[in-house]
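Notes follow the structure.
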Amino acid sequence: MKGYKRLPLKGQIMLFSGLIVLVSILILSAFVANSQATSAREHLAEKVRISASHIAHSEMAKAALVAGETNDELKAYVETVREENDLQYIVVMDNDRVRYTHPVAERIGQTFVGEDAADVFNGHRYTSEGVGTLGPSMRAFEPVWDEAGNQIGAVSVGISTEAIAAAVKDSQSMLVWSVFCSLLIGIVGASMLGQSIKKTLNGLEPAEIALAVEERNSMLEAVDQGILAINNDGEVLLANDAAKQFLRRTGYHGEFDGVPIDRIWPELKLQEALTATSAFSSEPIKKGDVETVATRVPMYVAGKCVGALATFNERSHLDDVMRRLAGAEVYAHSLRSETHEFMNKLHIIHAMVETESYEELTNYIEELSERYHKRTASAASQVEQLVEDVSIAHYLAKKIGWIEQMGVTVQVQSGTPWPSMNTALTDVWVTVIGNTFDNAWEAMQHKDEKKLTLTLKQAGGVLRYVIEDNGIGFSPTEQEASQRSTKGGDRGYGLANIREKLKPFQGTIDILSEKGKGTIVTIHIPYGEEGGNSSD
């Protein structure tokens, strides 16, 4: 032992690991040798069983037995299977034990030999060891049935016991080599382990691990949704950059890793997901004054819950998407209405033609023409001339068309048309148009005479948007409340949402309102030459 202790760390690990491997393999080899012998026999038994079943279910064997005579196709097929699987013989026989196939051609037509074949003609399938015309063998028997379920013969497949003995010997030879190789691998592995431990005790080639961690972090940070994960103790394991920014904006300025989630965001109730059997999907959850939509799911590793994960988005982001979908819905509704109206007009014209009321038909067509000219002169039809960007023009036209259908008189004023824009700026204007039109309609819906004036201009690199309604308006106190909080109803929430959208583009919003007389909302956004804001 003294000499062992004087060895260097690498030598100690090699010697101790080598002894452990050697003793373990010697003890295990006795059990494995017996197991391999049994396994080899079972494997060969399964091999003859499968071959017998395969032949018994083949259509060629059934057809020959039904016909009462063998054929060259069946014999060739059976011989191919026998050679490919290294079998001693494959015999297809009828209920009188007359052979239809045999590796020795002269024995085809003779009676099958073996007392162990009786049970197969009683419908049983089994294996046994017996002596036939080709010597001792392990044999599998399989009955053959016709389509009506009647037994029409049997199949016997045999493999030589000498082949079984050879397989057992081969498997045990492999065991000897496995013992040698395992010992060699153990010594080499111990040497490598000792060298690795000696060189560094703080990691095993950390570059690859670090790369994997960086890739994971990069993927998490690329997601615009907030992601929070906790362990079974409710402590934060992971918070991506989107989650941290959101939580800091809503008042939390502490650490994240290892901090209980109830201290960071108690309203999330993420610990409830640890005992849940399914996800809590798309639930509205508040953090301070901001409402989010969150999904919470338990995390499993090897069937065991190891924590919980929450993904969330601010409600305002989702509302922007819904607002765009609402525009598409308005467009679809408009198409349905126009189609219905068009069909009604066709029916009226058809009736006038059938009744030969040509004078009435002329008056009706003139009236339709006059309506069409008035319609093409409506505010919605002017938008394409005022806005070059197809997405904004389409959305704005639908909002104007919708509000005109609600009985609002719309007047559009313009200077230099708006140009095409990039996706980010288009997203801002969709939010602005959607919120301001919704607010205007809310303010005017109970007025007898509803008027709305829209101004779109471009001057000095700035896009100008002014919307004026003659609705109920609101007092200076109400206006101040809508600017300070998102709690002041839909209008307050919409204006706050617009302000958030304008910040990255250095945009401004001014509101002039008088109780009972109406509201004017003016928005300016600097515009660059490349289709984005001028500050980019």
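Bear in mind the structure is a predicted one, so any value in this text is a computation, not a measurement.
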Please check if the side chain of [X] supplies one atom and the backbone of [Y] the other of a donor-acceptor pair under 3.5 Å.
X: Ser53; Y: Arg49; answer: no
X: Asn231; Y: Asp233; answer: yes
X: Asn232; Y: Cys305; answer: yes
X: Asn497; Y: Thr431; answer: no
X: Trp145; Y: His57; answer: no
X: Arg296; Y: Leu268; answer: yes
X: Gln458; Y: Pro417; answer: yes
X: Lys450; Y: Lys447; answer: yes
X: Lys287; Y: Leu247; answer: no

Kindly give the heavy-atom pair with the smallest separation between Gln271 and Asp262, and that separation in Å.
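Closest heavy-atom pair between Gln271 and Asp262: OE1-OD2, 2.9 Å.
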Considering all heavy atoms of both residues, which atom of Asp469 and which atom of Gly471 are nearest to each other, and what is their separation?
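Closest pair (atom of Asp469, atom of Gly471, distance): OD1-N, 2.8 Å.
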Are the charged groups of Lys399 and Asp438 less than 4.0 angstrom apart, N to O?
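Here Lys399 pairs with Asp438 in a salt bridge, since their nearest N and O are under 4.0 Å apart.
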Determine the sole option in Ile509, Val466, Ile511, Asp510 for which the side chain to side chain contact (heavy atoms under 4.5 Å, CB included) test with Ile523 is passed.
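One option only clears the test, and that one is Ile509.
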